[in-house]
Amino acid sequence: MNERNLQDIASLSRTREIIKKYDLKLKKSLGQNFLTDANILQKIVEVAGLYQPANVLEIGPGIGTLTEQLARMAQQVLALEIDQRMLPVLKETLSPYPNVTVVNQDILKADLKQETIKAFKKYLPLKVVANLPYYVTTPILMRLIESELEIEQIVVMIQKEVAERISAKPGSKAYGSLSVAVQSFWEAHVAFTVPKAVFIPQPKVNSAVLSLARRETPAVLVAGEKAFFHLIKAAFAMRRKTLWNNLVHAYGKDQKTQDKLLKALENAKIDPKKRGETLTIQEFATLSNALAMEILRPF
Ligand code: SAM
């Protein structure tokens, strides 16, 4: 079981002490809001189900607050941190945990396949657990879900509003391209919400922990995942416009393209006057496949 002790990094006093010792000026531009509450960390670890053997990829370990808890439960932890200043800090704070590998890399640029192969000695289910930098939440999540890593579960602390958007149902106000892209392959749910007060410094927005569990079989069968993601982005590009307007904008205004678009919509039995936000994941998949039949790709 996970032991906790007074020396855990996750306390207000220890975090302050580390920040002072290393004279760290936390960077807003890198989304540096550190967690200081051991109970919240405990809950994150529970949502990630780390009582089963697993390897964990963490994004942005900061001073090692969450990493420490993950290291106690996971077989191995690979933590990618963009800010070089954190490396000496992590060397000290994580010194009791030989199963942690810290790499100074930008998650958006790193070769994730190579890094995981290098870090993990044993093949085990892979989970991603992180308190994400909010300024890049969507690009990071898209990178993870489009990556070739065989991730079983993603548990991330993100802005509450984004967590709600990702797990939203069709027709709801929050439903958008991100909801469809994620939910096609992952079961999404908001595990719990987190008050601002548990961070140093406090963020301006509310937070929530989102859990994404990879579906055993995708919710949809699509001919090409890339084309499917492109269609979703196109359909939601201008939220107030009809699906037709968005499609013409993305695929082309010329008569030939318009004819093909109409045919694909007709084959998919979708009314062009609808708005993207009213289409279900299944309808997006049918339309994506119908567009592929017409050999249509957005610009
Ligand atoms: N894990 C720590 C915690 O829970 O207290 C810190 C989380 S803080 C919200 C986000 C961390 O992500 C910071 O340490 C920041 O430097 C790092 N970060 C920001 N952008 C990053 C990127 N593109 N790649 C890797 N790490 C990044």
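Both ligands and their constituent atoms are indexed starting at 1 by order of listing.
Residue contacts with ligand 1, taken as heavy atom pairs separated by less than 4.0 Å, involve Tyr135 solely via side-chain atoms from C-beta onward.
In this structure, Phe199 has no heavy atom closer than 4.0 Å to ligand 1.
The contact set between ligand 1 and Leu132, taken as ligand atoms under 4.0 Å from a residue heavy atom, comprises 9 (C). Remark: ligand 1 atoms within the under-4.0 Å shell around heavy atoms of Leu35 are 3 (C), 4 (O), 5 (O). Residue Gln32 has at least one heavy-atom neighbour below 4.0 Å for each of these atoms of ligand 1: 13 (C), 15 (C), 16 (O). The distance from ligand 1 to the heavy atoms of Thr65 drops below 4.0 Å at these ligand atoms: 5 (O). Taking every non-hydrogen atom of Gln105 and a distance limit under 4.0 Å, the qualifying atoms of ligand 1 come out as 24 (N), 25 (C). Here is the list of ligand 1 atoms found below 4.0 Å of a heavy atom in Glu58: 1 (N). Those atoms of ligand 1 with a heavy atom of Leu80 less than 4.0 angstrom away are 25 (C), 26 (N).
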Item to check | salt bridge (Lys or Arg N to Asp or Glu O under 4.0 Å) between Arg214 and Glu150, worked out | outcome: CA-CA 9 Å; Arg214 190 191 286 275; Glu150 288 171 40; over 6 Å; no

Item to check | side chain to side chain donor-acceptor pair (under 3.5 Å) between Glu68 and Thr93, worked out | outcome: CA-CA 8 Å; Glu68 174 176 64; Thr93 57; over 6 Å; no

Checklist entry - Going through the distances and angles, do Glu46 and Tyr51 end up as a side chain to side chain donor-acceptor pair (under 3.5 Å)? => result CA-CA 8 Å; Glu46 271 164 30; Tyr51 38 84; over 6 Å; no

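In this structure, Ala290 and Asn267 approach most closely via the heavy-atom pair CB-CB, 4.5 Å. Listed here is the closest heavy atom pair of Ile158 and Tyr134: CA-CE2, 3.5 Å.
Using a 4.5 Å heavy-atom threshold, the side chains of Pro272 and Leu243 count as separate. Using a 4.5 Å cut-off on side-chain heavy atoms (C-beta onward), Ile40 and Met157 make contact.
Ranking the protein heavy atoms by distance from atom 4 (O) of ligand 1 puts Asn131 ND2, 2.9 Å first. Among protein heavy atoms, atom 8 (S) of ligand 1 sits closest to Gly31 O, 3.4 Å. The protein heavy-atom contact nearest to atom 26 (N) of ligand 1 is Ile82 N, 3.3 Å. For atom 16 (O) of ligand 1, the closest heavy atom belonging to the protein is Glu81 OE2, 2.6 Å. Protein heavy atom closest to atom 24 (N) of ligand 1, with residue, atom name and distance, is Ile107 N, 3.0 Å. Looking only at heavy atoms of the protein, atom 2 (C) of ligand 1 is closest to Pro61 O, 3.4 Å. If you check which protein heavy atom lies closest to atom 12 (O) of ligand 1, you get Gly60 CA, 3.2 Å. Residue, atom and distance of the protein heavy atom nearest to atom 23 (N) of ligand 1 are Asp106 OD1, 2.9 Å.
Side-chain heavy atoms closer than 4.5 Å link hydrophobic residues (I, L, V, M, F, W, Y) into clusters, and following such links, possibly through other members, connects Leu108 to Ile82. Ile200 and Tyr22 fall within a single hydrophobic cluster, where Ile, Leu, Val, Met, Phe, Trp and Tyr are joined by side-chain heavy atoms under 4.5 Å apart, directly or via other members. Grouping the Ile, Leu, Val, Met, Phe, Trp and Tyr side chains by contacts below 4.5 angstrom, directly or via other members, places Met238 apart from Tyr251.
Looking at Asn33 next to ligand 1, no N or O pair under 3.5 Å apart turns up.
Between Phe236 and Phe284, the distance separating the two ring centers is shorter than 6.0 angstrom.
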